[in-house]
Amino acid sequence: MTKISINSMSYRNFEYVKIKKGKFLIYNSQEILLFNKNLCYKKLFPFLDDDEMNIKLIKKISCGKFLSLNNNNIYIFTLEPEIKIIKKIKFEKNKWIRNAIELKNGIILASTDNSILKIIINDKKEEINEIFRIPDECKVKNIKKKMEIDLYFSIYNLPNNDNTILINSYSIGNYYQSEGCVQGTLYYSKNMLFTFNVNECKIVHYIKTLENDPYNINPHTQLSIIINSKYIIASNNNNKIYIIYLSNYQIVKELNIDNFKIFSFYENKLFIINKRSYEQLDLYDFTDLTKIKYQNIPLGEIINCQELFYYDTIIDSYSDDKILFTKGNYIYIIKF
């Protein structure tokens, strides 16, 4: 087991970005740490021309470059020996950027609260056009008067596909009920998972729609998505996992796993942290979908720590036989 302290970071809630074997980034809203193969790190100082630092995402893109969203600006940059800004894209105040990805042809897609923007970068000026607006069918039905409805959506690259992306829309409606003896807020939610053709600007495949019956507590059911070269893995409401073939967008397996908190997928291996037993890591091997293998990894015994995982936990593959996970201001790397 390897244990690394990152107490130098002022804030928790950090994220992890794999660069290549043995090299990775850890970042939060204010700082970026670059780790080398010896697991030593240096602190990087990006975006110094911004008045305020608020890093929302960092993604590895093509040609050794990275894409980041800081405040409402998209940056394209390289990392070594230090961060070098190649391009900065600023947006109008009424277009608040939530996410961004790069297609293999170099086009950048950015999502706002209700639309997708297509960004073509030229030498001196970028061309920005809206190509899609999230349709009303993605919203929860307004079945009650004075129901408040919110709509969110996320966009994802699909491997080996230049023209099609994955979209997950999530709508939640809340209604305060005060009839008779029943009082309190009811929550309704709706997930839609579908693909979108960028060239034709239209939805292509509807993969799954999930609508929840009303809850008296907020269900927080936006899908969590992981995509590799063969599958889309989607989890709903922390109790069900859908395995979807990339080749035809068909759901080939549904797993009922109660009370899981965090999951990660590497090749054919699914790692899950159990909510009820925070020191427990469950490993599912999907090499044969007709006979899924299960293994329990008792992390509490390995690192001698109880109440291991919190909401800022990261879990990801580090190499073919090692996983990386975090607790507080520590990174652990163990064999499985």
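The number of heavy atoms from other shown groups lying within 6.0 Å of NZ (Lys84) does not exceed 12. Annotation for Lys269: atom NZ counts as buried by contact number, over 12 foreign heavy atoms lying within 6.0 Å. Within a 6.0 Å sphere centred on NZ of Lys18, other residues, nucleotides and ligands contribute more than 12 heavy atoms.
Residues Ile61 and Ile83 are members of one and the same hydrophobic cluster, defined by side-chain heavy-atom contacts under 4.5 angstrom among Ile, Leu, Val, Met, Phe, Trp and Tyr. Residues Ile108 and Ile131 fall into different hydrophobic clusters, defined by Ile, Leu, Val, Met, Phe, Trp and Tyr side chains chained together at heavy-atom separations under 4.5 Å. Under the 4.5 Å side-chain contact rule for hydrophobic residues, Phe77 and Ile55 share a cluster. When hydrophobic clusters are built by joining Ile, Leu, Val, Met, Phe, Trp and Tyr residues whose side-chain heavy atoms come closer than 4.5 Å, directly or via intermediates, Leu289 is grouped together with Ile272. Taking hydrophobic clusters as Ile, Leu, Val, Met, Phe, Trp and Tyr residues chained together by side-chain heavy-atom distances below 4.5 Å, Ile101 does not share a cluster with Leu57.
With a 4.5 Å cut-off on side-chain heavy atoms, Ile119 and Ile89 count as touching. No side-chain heavy atom of Val198 sits less than 4.5 Å from a side-chain heavy atom of Thr164. In this structure the side chain of Thr2 reaches within 4.5 angstrom of the side chain of Leu39, judged on heavy atoms. A 4.5 Å side-chain heavy-atom check between Phe91 and Asn72 finds at least one atom pair inside the cut-off. Taking 4.5 Å as the limit, some side-chain heavy atom of Leu151 sits within range of a side-chain heavy atom of Cys138. Under the 4.5 Å side-chain criterion, counting only non-hydrogen atoms from C-beta, Pro159 is in contact with Ile227. Inter-residue side-chain proximity for Tyr156 and Ile165 is flagged as unmet; no heavy-atom pair is nearer than 4.5 Å. Counting only heavy atoms from C-beta outward, the side chains of Ile323 and Ile333 never approach each other to under 4.5 Å.
In this structure, Asp136 CG and Lys141 NZ are separated by 13.0 Å, a value rounded to the nearest 0.5 Å. Atoms CG and NZ, on Leu193 and Lys208 in that order, are 10.0 Å from each other to the nearest 0.5 Å. Atom CG of residue Leu270 and atom CD1 of residue Ile292 lie 9.0 Å apart, to the nearest 0.5 angstrom. The CD1 atom of Ile149 sits 7.0 Å away from the NZ atom of Lys139 when rounded to the nearest 0.5 Å. Rounding to the nearest 0.5 Å places CD of Glu130 at 4.0 Å from OG of Ser115. Between the CD1 atom of Ile74 and the CG atom of Leu67 there is a distance of 5.5 Å, given to the nearest 0.5 Å.
Looking at residues two or more places apart in sequence or on another chain, you find a side chain to side chain donor-acceptor pair (under 3.5 Å) between Lys104 and Asn160. Checked against side chain to side chain donor-acceptor pair (under 3.5 Å), Ser169 has no partners two or more places apart in sequence or in another chain. Taking Glu148 as the reference, nothing meets the side chain to side chain donor-acceptor pair (under 3.5 Å) condition, with sequence neighbours excluded. Take Asn105 and apply the side chain to side chain donor-acceptor pair (under 3.5 Å) test, not counting sequence neighbours, and it matches no residue.
Proximity of a side-chain donor or acceptor of Asn36 to a complementary backbone N or O of Asn38 within less than 3.5 Å is detected. A donor-acceptor pair is defined here as one N or O able to donate and one able to accept, closer than 3.5 Å; such a pair exists between the side chain of Tyr27 and the backbone of Ile58. Using a distance-only test at 3.5 Å, with no hydrogens or angles considered, a donor-acceptor pair links the side chain of Ser111 to the main chain of Asn99. Side-chain atoms of Lys65 do not come within 3.5 Å of backbone N or O of Leu79 as any donor-acceptor pair. Formation of a donor-acceptor pair under 3.5 Å by the Asn157 side chain with backbone atoms of Glu102 is found in this model. Remark: side-chain polar atoms of Asn54 are not paired, donor with acceptor, to backbone N or O of Asn70 under 3.5 angstrom. Ser171 places a side-chain N or O within 3.5 Å of a backbone atom of Val140 that can act as its donor or acceptor partner. Side-chain atoms of Lys190 come within 3.5 Å of backbone atoms of Glu137 as a donor-acceptor pair (strictly under, hydrogens ignored). Side-chain N or O atoms of Thr195 include one that pairs as donor or acceptor with a backbone N or O of His205 at under 3.5 Å. For Asn268 (side chain) and Asp288 (main-chain N/O), no donor-acceptor pair under 3.5 Å exists by modelled atom type.
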Inset, instruction - For side-chain contact (heavy atoms from CB on, under 4.5 Å), just list the numbers for Tyr170 and Ser189, CA-CA rounded to whole Å, side-chain angles, deciding distance to a tenth of an Å, and then say yes or no. - result: CA-CA 7 Å; Tyr170 172 66; Ser189 65; 3.9 Å; yes

Inset, instruction - Go through the steps for Phe35 and Leu25 under the test side-chain contact (heavy atoms from CB on, under 4.5 Å), then give the verdict. - result: CA-CA 6 Å; Phe35 286 77; Leu25 291 177; over 6 Å; no

Inset, instruction - Using the side-chain contact (heavy atoms from CB on, under 4.5 Å) rule, take Asp113 and Ile134 through it: C-alpha gap first, then chi angles, then the decisive distance, then the call. - result: CA-CA 9 Å; Asp113 286 331; Ile134 296 296; over 6 Å; no

Inset, instruction - Start with the C-alpha gap between Tyr187 and Ile172, add the side-chain angles, then the distance that decides, and say whether side-chain contact (heavy atoms from CB on, under 4.5 Å) holds. - result: CA-CA 7 Å; Tyr187 295 91; Ile172 185 165; 4.1 Å; yes

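Side chains of Asn197 and Asn163: a donor-acceptor N/O pair is absent below 3.5 angstrom, by distance only.
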What side-chain donor-acceptor pairs closer than 3.5 Å can you find for residues 241-249, not counting sequence neighbours?
unit_1	atom_1	unit_2	atom_2	d
Asn248	OD1	Gln250	N	3.0

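Summarising the geometry of Ala100 relative to Lys59, their closest heavy-atom pair is O-NZ, 2.8 Å, with the distance given to 0.1 Å. The two residues Ile121 and Lys87 come nearest to each other via the heavy atoms CG2-CE, 4.0 Å. Residues Phe66 and Lys60 share a closest heavy-atom pair of CD2-CA, 3.7 Å.
One finds no salt bridge joining Lys118 and Glu127 here, because no Lys/Arg side-chain nitrogen approaches an Asp/Glu carboxylate oxygen to under 4.0 Å.
A ring-ring contact (aromatic ring centres under 6.0 Å, His included) check over residues 94-143, counting only residues at least two apart or in different chains, returns the pairs Phe132-Phe196.
Between Phe24 and Tyr16, the gap from one ring centroid to the other is short of 6.0 Å.
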